There are 2 protein chains.
Amino acid sequence: MPKPPSLQDVANAAGLSPATVSRYLNGSLNLPPATAERIDRAIAALDYKPNPHARRLSRGKSDTIGLVIPEIDNPFFAKLAAAAEREAEAAGLALMLFSSLNRRERELDYLEKLRRNFVDGLIFATNSRASEDLASVINDLKNVVVIDEDIDGVTAPRVFSDNDTGGVLAARCFIENGHTRFAFIGGPEDIMSTRERLAGFRRVIDGAKSGATLNASYFGSYSVEFGRTATARLLDEHPDVTALFVGADEILFGALETMRGRGMTAGRELSVITFDDAGPLAFFDPPITAVRQPIEEIGRTAVNVLRRLIEGSEVEPVTHLPVELVVRRSVRRLS
Amino acid sequence: MPKPPSLQDVANAAGLSPATVSRYLNGSLNLPPATAERIDRAIAALDYKPNPHARRLSRGKSDTIGLVIPEIDNPFFAKLAAAAEREAEAAGLALMLFSSLNRRERELDYLEKLRRNFVDGLIFATNSRASEDLASVINDLKNVVVIDEDIDGVTAPRVFSDNDTGGVLAARCFIENGHTRFAFIGGPEDIMSTRERLAGFRRVIDGAKSGATLNASYFGSYSVEFGRTATARLLDEHPDVTALFVGADEILFGALETMRGRGMTAGRELSVITFDDAGPLAFFDPPITAVRQPIEEIGRTAVNVLRRLIEGSEVEPVTHLPVELVVRRSVRRLS
DNA sequence: ATGCATTTGTAAATCGCTTTACCGGCTGGT
DNA sequence: ACCAGCCGGTAAAGCGATTTACAAATGCAT
């Protein structure tokens with residue numbers, strides 16, 4: 001286990017000083033071909049690779065960005081992370097994944113890492129109730145881009161899905177299939193994604209000629225459990241509803257369970273559209289119609305915005321990425 | 001954006017030397033309460049946090065381990081990563097996620113990072129065909145633990161699922177339900193997971209009194225596409241088979257698609273058991289019976305083995321973690 | 001030959017922390 | 001009174017790069 005060669009070793013081997021080699025390597029020095037050749041050969045011979053810790057300490061930069069997400073173990077964020085990583089890698093950046101478990105303390109911790117230049121920038125997603133303190137910490141930092149869910153009072157660049165349009169697409173799909181009595185089961189009532197999805201959904205319903213009505217809406221959390229209970233309530237309280245729009249895959253899962261428990265099938269007794277389309281909904285039976293978030297696109301865009309932020313370019317303060325309705329077979333054609 | 005305080009600053013504020021503060025912080029010096037108090041206060045006042053790059057450079061350690069997986073975007077590895085991260089975090093270690101996309105060159109890159117002490121250790125999972133060169137690189141390193149899939153010729157500690165028992169459980173479940181004609185659709189023929197799953201499956205079938213037979217087995221890759229085509233072949237070539245054991249969730253997805261295309265339902269015309277249970281199989285219709293891999297346990301165990309490896313303790317050369325049959329409703333009771 | 005840029009290159013400080021090697025002073029035993 | 005040993009603490013040498021400031025050598029025009 002011999003020690004890896006240092007810049008010094010390379011310099012010795014090439015008969016030069018470390019400074020020269022360093023500057024050559026970093027492009028801040030043009031060397032005559034002969035000298036360059038000597039260095040290249042020395043590097044190859046020794047199999048030299050710069051020590052990243054030393055380099056970071058010295059430069060105060062790490063060529064690494066961080067991605068803070070609630071949980072890796074969530075298809076939505078897993079896909080997001082995969083796309084972000086690929087984009088980062090293509091840009092010569094390393095991507096560190098931090099999972100906050102939605103705990104404020106951990107979120108702050110990661111932001112702190114940014115401040116210490118542990119990473120050069122941070123892509124930040126949170127599901128926890130936005131709070132003033134979080135916003136102010138983020139605003140004190142530069143090189144943060146917020147994604148997926150808004151944080152009140154944050155001035156950093158943000159990248160979101162077009163949630164409102166998602167609601168619109170869902171409502172239209174139901175209406176085109178003849179539905180008139182609707183329900184919505186969303187996530188937390190006070191967060192942007194829930195509000196916007198519902199807003200779009202409701203606007204279309206209210207504007208429909210057919211006398212469509214939004215008979216019920218339930219708010220809770222993006223969890224299977226909430227999907228289960230809210231759907232049970234819905235079925236009890238509004239048995240006449242024929243079209244259900246749920247705010248996330250997890251809620252869908254719970255809804256399907258409850259429905260199945262009552263002998264109901266999506267697309268038969270109750271039509272269902274979900275939001276996200278991160279899980280393998282195409283393999284469900286029936287396949288579930290969904291508003292698909294541009295997950296990969298969010299990841300890639302966030303990385304690119306962050307890159308521009310880091311290099312000091314202008315960036316759009318907020319970008320909305322288009323969603324798409326993926327029609328499968330969970331919406332029944334009425335009449 | 002003032003510069004963060006350094007150890008020097010703390011030392012000055014406390015009227016001590018940096019060395020003293022450092023040693024106090026690292027526990028290599030016991031100070032009288034009065035002095036300790038001074039340091040603590042200085043730290044609090046300045047909001048000092050050690051610079052990780054400097055610390056790493058100095059110590060040649062990073063308190064960080066890496067997890068190399070083919071893709072974050074795969075529920076199996078996502079869960080594994082989540083569990084590993086939690087365990088690492090509990091042990092005061094950071095976890096860096098590296099995704100190799102199953103490309104040898106990237107795998108080697110990450111191993112190189114380990115050699116440069118960029119991380120203190122590596123948990124390594126690959127699905128690509130094991131090759132001699134990979135094994136030899138790994139064997140040259142210490143502090144690597146290999147998981148999930150074996151790599152020929154590797155001497156590093158390894159952590160696997162008990163694949164063989166998984167096959168046994170699946171076969172028994174089918175047999176108990178009266179099935180006698182079986183098929184297996186696995187992953188790549190020459191990798192450990194496929195071989196062992198099939199081995200256990202076949203052994204039980206061959207040993208059954210009921211004259212059970214394994215009528216067909218197909219090998220390909222762990223992908224939806226392969227599941228689709230292999231199932232089509234199965235249905236064409238062996239329409240009399242009633243019990244299908246598939247080697248992974250992805251294959252299951254493909255199988256379900258093909259079946260649905262032919263108007264067949266799991267647990268009715270064809271009984272199905274899958275391996276992994278990483279996806280939301282409970283929400284499928286019908287819910288799919290599966291051999292569940294102890295994914296989280298693999299992650300946690302790998303972290304702990306690696307920790308012991310790093311600190312130089314003895315570790316088991318290979319550990320097999322128990323799988324479990326999760327009975328749902330995709331296996332029909334015959335007769 | 002002279003003067004002036006360029007080219008080619010180096011010395012040395014720096015980043016922030018860890019760690020080794022010491023040191024002066026006090027306590028207590030004899 | 002003297003030595004041993006401990007206590008409380010420091011100086012200084014790294015760790016492996018980057019970077020600034022400067023120097024020697026070369027080229028080139030006059």
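All values reported here derive from a predicted model rather than from experimental measurement. Below, chains carry the letters A, B, ... as their sequence lines are ordered, and counting in each starts from 1.
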Of A:I310, A:I123, A:V119, which is the lone residue that meets side-chain contact (heavy atoms from CB on, under 4.5 Å) with A:N143? A:I310
Using atom names, set out every protein N or O paired with an N or O of nucleotides 6-10 of chain C below 3.5 Å, distance rounded to 0.1 Å.
residue, atom, partner, partner atom, Å
C:dG9, OP1, A:T35, OG1, 3.4
C:dG9, OP2, A:T35, OG1, 3.0
C:dT10, OP2, A:S17, N, 2.9
C:dT10, OP2, A:S17, OG, 3.2
C:dT10, OP2, A:T20, OG1, 2.5
C:dT10, O4, A:R23, NH1, 2.8

Below 4.0 angstrom, which residues in residues 113-122 of chain B have at least one non-hydrogen atom near DNA chain D? none
Where do [X] and [Y] come nearest, in terms of heavy atoms and distance?
{"X": "A:I138", "Y": "A:A156", "value": "CG2-CB, 4.2 Å"}
{"X": "A:P18", "Y": "A:L7", "value": "O-CD2, 3.6 Å"}
{"X": "A:E71", "Y": "B:A82", "value": "OE1-CB, 3.8 Å"}
{"X": "B:L141", "Y": "B:R115", "value": "CD1-CD, 3.4 Å"}
{"X": "B:L67", "Y": "B:A81", "value": "CD2-CA, 3.6 Å"}

Can a donor-acceptor pair be found, under 3.5 Å and without considering hydrogens, that links the side chain of A:N304 to the backbone of A:R300? yes
CD-OG1 distance between B:E149 and B:T126, expressed to the nearest 0.5 angstrom: 8.5 Å
Go through the side-chain N and O atoms of B:T64 and B:R56 and say whether any donor and acceptor fall under 3.5 Å apart. yes
What I want to check is whether the side chains of A:S6 and A:Y48 have a donor and an acceptor closer together than 3.5 Å. no
Salt bridge (Lys or Arg N to Asp or Glu O under 4.0 Å) partners of A:D63, counting only residues at least two apart: A:R59
What residues form a side-chain hydrogen bond (donor to acceptor under 3.5 Å, both in side chains) with B:R106, not counting sequence neighbours? A:E89, B:Y110
A:Y24 OH to D:dT18 P, in whole Å, measures 14 Å
Could you write out each protein N or O paired with an N or O of nucleotides 13-17 of chain D at a distance under 3.5 Å?
residue, atom, partner, partner atom, Å
D:dG14, N2, B:S58, OG, 3.0
D:dA17, OP1, A:Y48, OH, 2.8
D:dA17, OP1, A:N51, N, 2.8
D:dA17, OP2, A:L7, N, 2.3
D:dA17, N3, A:S58, OG, 3.3

Terminal axes of the helix from C:dA1-D:dT30 to C:dT30-D:dA1 (5 end pairs apiece), angle rounded to 10 degrees, sit apart by 50°
